[in-house]
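Okay, so here's the structure we're looking at.
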Amino acid sequence: MPHSEYLRYVALGDSQTEGLGDGDDLTGLRGWADRLAEHLTAADSSLLYANLAVRGLTAGEVRAGQLAPALALRPDLVTVVAGVNDLLRPGFDAASVAGHLEAMFAELTAAGAHVATLTFPDPGKIIPIARPLRYRALELNARIRAAAARHGVTVAETAGHAVTTDPRLWSADRLHASPLGHERIAAAMADALRLPGSDGTWALPLPPRRPLTGGRAVAAELRWAGTFLGPWLVRRLRGVSSGDGRAAKRPELLPLDGTPGTPGARPAVGHP
């Protein structure tokens, strides 16, 4: 689909698509999907954008809660990014996760939308104790590629590029991209979609820096475990999700500079 026809963009997913790590809940979250919408708006200022993502959701929960509302908005471009929350949990089943993703690919493309997704970097290169999850990521990525090929879905190959596991692209919790990471994800998606002004420079490495070693490295790991890993494990044991009680930040199609409740910002449901 020519880029000039991307006028109604809807983003589906979890915390990465919601924008965690790029802003905060007080000042507002930006995130890679917002950044991609900015790129699209630069090409055509009439773009309408909705973001249905909610943190903490599994791929099945994204499908159950976001697919029908997305279809009702009749988008011409949709991004579907989910599965990391599944990958981190016991009982991970790559076939089941990919099945939920493929079901979304199938329904959205059948409705006439162009769909884009991405592959995931090796979590063990971001969180050392997550090294056993490497093979889960590899299997999930292989299934994502296969499902995408069956439905004509664009894949931004963010897996396999060393820069995607650079600590500077990740926030302090190591689970969510930093502002620079969200910027790179948006650029990767724009490049995969061949949007004007995009190129492959998103995959270039950052300037070298001296890594932490010895006692400083151990201290950093202990601080991370106490600040982030511990609370995450407690939530898992209690069956509590960070997304419980939360709603999508942009449930309606609006111009990028419009937000629900903003004077002059009117939602668009169905075709104009």
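Residue numbers count from 1 along this sequence.
Using a distance-only test at 3.5 Å, with no hydrogens or angles considered, a donor-acceptor pair links the side chain of Arg8 to the main chain of Leu73. For the pair Ser198 (side chain) and Leu195 (backbone), a donor-acceptor distance under 3.5 Å is present. In terms of modelled atom types and a separation under 3.5 Å, the side chain of His161 and the main chain of Pro205 share no donor-acceptor contact. Without hydrogens or angle criteria, Asn141 side chain to Phe120 main chain gives a donor-acceptor distance under 3.5 Å. Looking at Thr119, its side chain does come within 3.5 Å of a backbone N or O of Ala159 through a donor-acceptor pair. Between the Gln66 side chain and the Leu52 main chain, a donor and an acceptor come within less than 3.5 Å of each other. Of the possible polar contacts, one joining the Thr41 side chain to the Ala37 backbone as a donor-acceptor pair under 3.5 Å is found. Between the Asp166 side chain and the Leu206 main chain, no donor and acceptor come within less than 3.5 Å of each other. A donor-acceptor contact shorter than 3.5 Å is absent between the side chain of Asp14 and the backbone of Ala82. The main-chain N or O of Gly23 is never found under 3.5 Å from a side-chain atom of Thr27 such that the two would form a donor-acceptor pair.
Atom-to-atom distance recorded for Thr79:OG1 and His114:NE2 is 11.0 Å, nearest 0.5 angstrom. We find the CE-CG distance between Met189 and Leu40 to be 11.0 Å, quoted to the nearest 0.5 Å. Once rounded to the nearest 0.5 Å, the distance linking CZ of Arg55 with CD of Gln16 reads 11.5 Å. Taking OH of Tyr6 as the start and CG of Asp44 as the end, the distance is 13.0 Å to the nearest 0.5 Å. Annotation: the span from Thr17 atom OG1 to Asn51 atom CG amounts to 6.5 Å, rounded to 0.5 Å. In this structure, OG1 on Thr164 lies 10.0 Å from CZ on Arg184, to the nearest 0.5 angstrom.
In this structure, the side chains of Phe105 and Thr117 come closer than 4.5 Å at one or more pairs of heavy atoms. Here the side chains of Leu47 and Pro255 are not in contact, with every heavy-atom distance at 4.5 Å or above. Using a 4.5 Å heavy-atom cutoff, the side chains of Leu108 and Leu71 are in contact. Looking only at side-chain heavy atoms (C-beta outward), Val10 and Leu253 come within less than 4.5 Å of each other. Annotation: side chain of His100 is not in contact with side chain of Thr58 (no heavy-atom distance under 4.5 Å).
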Could you walk me through whether Leu175 and Leu20 pass the side chain to side chain contact (heavy atoms under 4.5 Å, CB included) check? CA-CA 9 Å; Leu175 292 174; Leu20 264 66; over 6 Å; no

Could you please spell out the steps behind the side chain to side chain contact (heavy atoms under 4.5 Å, CB included) verdict for Asp22 and Trp32? CA-CA 8 Å; Asp22 192 5; Trp32 70 264; over 6 Å; no

Does Glu102 form a side chain to side chain contact (heavy atoms under 4.5 Å, CB included) with Arg150? I'd like the steps, not just the answer. CA-CA 9 Å; Glu102 182 159 12; Arg150 286 191 287 269; 2.8 Å; yes

Test side chain to side chain contact (heavy atoms under 4.5 Å, CB included) on Glu61 and Asn85 and set out the steps. CA-CA 10 Å; Glu61 290 167 337; Asn85 288 318; over 6 Å; no

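Cluster annotation: Val97 is not connected to Tyr135 through the hydrophobic network of ILVMFWY side chains, with a link wherever side-chain heavy atoms come within less than 4.5 Å. A single hydrophobic cluster is not seen to contain both Leu193 and Val155; linkage of ILVMFWY side chains at heavy-atom distances under 4.5 Å, directly or through other members, places them apart. Tracing side-chain contacts under 4.5 Å through hydrophobic residues (I, L, V, M, F, W, Y), one never reaches Leu118 starting from Trp202; they form parts of separate clusters. Under a hydrophobic clustering in which Ile, Leu, Val, Met, Phe, Trp and Tyr are joined whenever their side-chain heavy atoms come within less than 4.5 Å, directly or via other members, Leu88 and Leu138 fall into different clusters.
Between Ala95 and Asp93 the shortest heavy-atom distance is N-OD1, 3.0 Å. Here the closest non-hydrogen pair linking Pro123 and Ala137 is CD-CB, 3.8 Å. Contact detail for Gly91 and Arg136: the closest heavy-atom pair is N-NH2, 4.4 Å. For the residue pair Leu7 and Ser46, the shortest heavy atom distance occurs at CD2-OG, 3.6 Å. When every heavy atom of Val54 is checked against every heavy atom of Leu57, the shortest pair comes out as O-CG, 3.3 Å. When all heavy atoms are compared, the tightest approach of Pro179 to Gly21 is CD-O, 3.1 Å.
With a 6.0 Å radius and a threshold of 12 heavy atoms from other residues, nucleotides or ligands, Arg131 has its CZ atom at or below the threshold.
Between the side chains of His176 and Ser15, at least one donor N or O lies within less than 3.5 Å of an accepting N or O.
When Val115, Leu67, Val153 are each tested for a side-chain contact (heavy atoms from CB on, under 4.5 Å) with Met104, only one passes: Leu67.
Taking the six-membered ring for Trp and thresholds of 30 and 60 degrees, Tyr9 and Tyr49 have nearly parallel ring planes, at less than 30 degrees apart.
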